[in-house]
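Let me begin by presenting the structure, written as C-alpha cells, before commenting on it.
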Amino acid sequence: MENLIKKAANTIANAQNIAALTGAGISVESGIPPFRGQGGVWERIDPMEYAHIDALIQNPVKVWNMLIKEMASMVGVAQPNDGHKGLVRLERQGCLKTIITQNVDGLHQKAGSTDVIEFHGSFAWLRCMQCNKRCETGTADLSVIPPRCECGGIFRPDCIFFGEIIPPDVLMRSHQVSSECELMLVIGTSATVQPAASIPMTAKAATGAVIIEINPEPTPLTEQDSDIFLQGKAGDMMNRIGKFMPSSFGFEI
Ligand code: APR
C-alpha cells in the first residue's frame, strides 16, 4: 500500500491539470453520513419516498420533516476534514483546477476551494417552488414546516432531487473540465448515480487521464477505470499522500 500511495503522490505532484470528482464519502469524516453502504441514509429511508421530486411536490411536509430538516441541521454544523483540506492545498499549488462535487454540503467551499461545481446543487440555499426566489438556508425560519416564501409558495432546497435533470450549464462545464484534465481524483463516491458516475470515463476517453480513486470500498470504477485505487478513508488517505508530496504543497508532515 505504501508504494501505491507514493506512486499516487508522485503522479499528483507532476500533474498540471487535475480535476476532482467527490461524493458523500469525503464528508463522512466530517460527521455527515453517506447515502449508500454502512450507516447510509438510504438504508433508513426509501429515496423514492423521500428524495424524489414527485414526493416533494405531493407531500412537502413529510419530505421536509423526514429528510430535509435533518440534513439541514447536519450540514449547518459540519466542518471540513483533511480530505477537503488536502484538495485546497492542491488548488493553491495550482495543479488542481476544479472540483466537481455531488455533495450539497458546501464543505469544499468552507475549506477554501474556490472552483467547485455543485453537480447536484446546494443545501446552502432554498428556492421558492412558486416564484423561484432564493433565500439562504441559514437565515430561513424553519419553526414552521414547510417554510414559506413571502409569495406563499413553499421553499425547497436548491438541490437536485431524483427525477430532476442536471442543469445544462452544470453538465457542460463538468464535461469541459473532465475532458481537459490529465488526472482525475475520484474521492468518496459509490459511482452508481448517473450522469455523475460517467465523469471519470469522460476524462479517460478524452485525454487518457489517470484516475486515482480513494474509497474504503471498491466501486464499479475500481476495476474498470481506476489506474490507482487507494483503499481507505478520504482524510486519512490524503494525509498519507501528503507525506510523500514536496514540502511546497504545504501538507503537514
Ligand atoms: N472516505 C471516503 N469514502 C468513503 C468514506 C470515507 N471516510 N466513507 C464511505 N465512503 C464511500 C463509500 O464506500 C461509498 O462508495 O463513499 C461512497 C458513498 O457513496 P454514496 O453514498 O452513494 O454517495 P455518492 O456517490 O456521493 O452518491 C451520489 O446519490 O443519492 C444520491 O444525490 C445523492 O449525490 C448523491 C448521489
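All ligand and atom numbering here is 1-based and tracks the order in the structure. Nothing here was measured: the structure is a model prediction, and the numbers come from that model.
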Working to the nearest 0.5 Å, report the span between OH of Tyr50 and CZ of Arg44.
11.0 Å
Lys62 with Glu49: basic N within carboxylate O range, under 4.0 Å
yes
Using modelled atom types only, decide if a donor and an acceptor are shared between the side chain of Thr219 and the backbone of Asn215 within a distance under 3.5 Å.
no
Is it true that a side-chain atom of Glu91 and a backbone atom of Thr114 form a donor plus acceptor pair closer than 3.5 Å?
yes
Can you tell me how far apart CD1 (Ile165) and CG (Leu171) are? Round to the nearest 0.5 Å.
8.0 Å
Using a threshold of 4.0 angstrom between heavy atoms of the protein and any atom of ligand 1, which residues qualify?
Gly23, Ala24, Gly25, Val28, Glu29, Pro34, Phe35, Arg36, Trp42, Gln102, His120, Phe162, Gly188, Thr189, Ser190, Val193, Asn215, Pro216, Glu217, Lys233, Ala234
Can Glu217 and Gln231 be counted as having a side-chain donor-acceptor contact under 3.5 angstrom?
no
